[in-house]
Number of protein chains: 2
Amino acid sequence: MFRIDPLSEAPLFAQLAASVRTAAAAGRLRPGDRLPAAREMAASLGVNLHTVLHAYQDLRAEGLVDMRRGRGAVVTDAAGPLASLHSEILALSRSARGLGLSPDAIASLVKEAALEL
Amino acid sequence: MFRIDPLSEAPLFAQLAASVRTAAAAGRLRPGDRLPAAREMAASLGVNLHTVLHAYQDLRAEGLVDMRRGRGAVVTDAAGPLASLHSEILALSRSARGLGLSPDAIASLVKEAALEL
DNA sequence: TGATTATTCTATAACATTTATAACAGTGCT
DNA sequence: AGCACTGTTATAAATGTTATAGAATAATCA
């Protein structure tokens, strides 16, 4: 359910956070769902425990998951509204790819725009 | 016209490339316009020449600028189509910020979506 | 209680970024 | 031709980021 590309230039923790984020936006993760335990996720992805925790803590800082010792990481209600962006994100991605833009360039444009709001 | 935030976690060269990219999408840079000479841009931003060149060469790899020794960096025709994305990018950014998403989270979602196309 | 979980800390190695110099090689103007 | 401008290439050093490893601590749940 969560993928990582060891050959990608992006940091592993960022890739994992992005994968979870996208799963929520796509509706594959819903509020109340529990993420795999950090050690379990680390083992299944073949990365270090701290790398997974770094990703999980980024997601918590965003409010997408709720984490507590002994309980694990649970998806919050923030995942609902997130899913409402799905079609809009898909439409922009298609337009931009159609112009030959790279995923990085598209992301850069959107990030700059969001920063200015 | 081009801004950089020394306190941001993002690499300086990436920030500069993003700034130029956004200027093109916003129509503030048009095909045929010339970017400031690398040494001049470096002096005005307070960064090293190589940092600016790194950004410029990323933009050339994307096809957004054309670079030659002695002539400088000139914006290509690719800037035209890019501007057509402007309103769509702005609309998505507003929707996402309205949901409380950070610029990084929004960019991550869009990048993932673009990667899967 | 015992098992599971996240949290925190130290330490290390590998890699990326930025800086600093310097020399080199096209371009365009006088 | 000569000159001032431009990007290009090379080398090196300093700094920051990322990923790994191991260990100890604390909260949760059955």
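In what follows, chains carry the letters A, B, and so on, assigned in the order in which the sequence lines appear, proteins first and then strands, with residues in each chain numbered from 1.
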Original post:
Of the residues in residues 35-45 of chain B, which ones touch DNA chain D at a heavy-atom distance under 4.0 Å?
Top reply: B/Ala37, B/Ala38, B/Arg39
Original post:
Under 4.5 Å between any side-chain heavy atoms of A/Phe2 and A/Leu35, yes or no?
Top reply: yes
Subject >> Sequence neighbours excluded - side chain to side chain donor-acceptor pair (under 3.5 Å) pairs with any residue from residues 68-88 of chain A >> reply: A/Glu88-B/Ser95
Could you give the [atom1]-to-[atom2] distance, from [X] to [N], as a whole number of Å?
X	N	atom1	atom2	answer
B/Arg34	C/dT27	CZ	C1'	10 Å
B/Leu12	C/dA16	CG	P	17 Å
A/Phe13	C/dA16	CZ	C1'	13 Å
A/Leu49	C/dA6	CG	P	8 Å

Measure all distances between protein nitrogen or oxygen atoms and nitrogen or oxygen atoms of nucleotides 9-15 of chain C, and list the pairs falling under 3.5 Å.
from	atom 1	to	atom 2	distance (Å)
C/dC9	N4	A/His50	NE2	2.8

**OP:** Please list, chain by chain and in numerical order, all residues satisfying salt bridge (Lys or Arg N to Asp or Glu O under 4.0 Å) with A/Asp58, sequence neighbours excluded.
**Re:** none
Original post:
Can you name the residues that form a salt bridge (Lys or Arg N to Asp or Glu O under 4.0 Å) with A/Arg3, not counting sequence neighbours?
Top reply: B/Glu116
Please check if the side chain of [X] supplies one atom and the backbone of [Y] the other of a donor-acceptor pair under 3.5 Å.
X	Y	answer
A/Arg60	A/Asp66	no
A/Glu112	B/Ser19	no
B/Thr22	B/Ala18	yes
A/Glu62	B/Ala105	no

Subject >> Listed once per pair and sorted, the salt bridge (Lys or Arg N to Asp or Glu O under 4.0 Å) pairs that draw on residues 101-110 of chain A, sequence neighbours left out >> reply: A/Asp104-B/Lys111
Original post:
Under the salt bridge (Lys or Arg N to Asp or Glu O under 4.0 Å) rule, what pairs show up with a residue in residues 22-42 of chain A, not counting sequence neighbours?
Top reply: none
**OP:** Please test A/Phe13 against A/His50 for side-chain contact (heavy atoms from CB on, under 4.5 Å), starting from the C-alpha separation and ending with a verdict.
**Re:** CA-CA 9 Å; A/Phe13 78 89; A/His50 292 81; over 6 Å; no
**OP:** Could you tell me whether A/Leu53 contacts a base, only the sugar-phosphate backbone, or nothing, with contacts defined as non-hydrogen atoms closer than 4.0 Å?
**Re:** base
**OP:** Describe the nucleic acid contact of B/Gln15 in one word from base, sugar-phosphate, nothing, applying a heavy-atom distance below 4.0 Å.
**Re:** nothing
**OP:** Report yes if at least one side-chain N or O of A/Gln57 is closer than 4.0 Å to OP1 or OP2 of C/dA6; otherwise report no.
**Re:** no
**OP:** State yes or no: do B/Leu117 and B/Val110 share one hydrophobic cluster built from I, L, V, M, F, W and Y residues joined by side-chain heavy-atom distances below 4.5 Å, directly or via other members?
**Re:** no
Subject >> Shared hydrophobic cluster, B/Met67 / B/Val75 (ILVMFWY, side-chain heavy atoms < 4.5 Å) >> reply: yes
**OP:** Using five pairs at either end of the helix from C/dT1-D/dA30 to C/dT30-D/dA1, determine the angle between the two local helix axes and round it to 10 degrees.
**Re:** 40°
Subject >> chain B footprint on DNA chain D, 5' to 3' - any atom under 4.0 Å from a heavy atom >> reply: D/dT6 to D/dA10
**OP:** With rounding to the nearest 0.5 Å, note down the distance linking CD in A/Gln15 to OG1 in A/Thr51.
**Re:** 11.0 Å
**OP:** Could you check which residues of residues 64-74 of chain A get a heavy atom under 4.0 Å from DNA chain C? Sort them by number, please.
**Re:** A/Met67, A/Arg68, A/Arg69, A/Gly70, A/Gly72
Original post:
A/Ala113: what forms a side-chain contact (heavy atoms from CB on, under 4.5 Å) with it, not counting sequence neighbours?
Top reply: B/Ile89, B/Leu90, B/Ser93
Subject >> Test side-chain hydrogen bond (donor to acceptor under 3.5 Å, both in side chains) applied to A/Ser108 - qualifying residues, sequence neighbours left out >> reply: B/Arg21
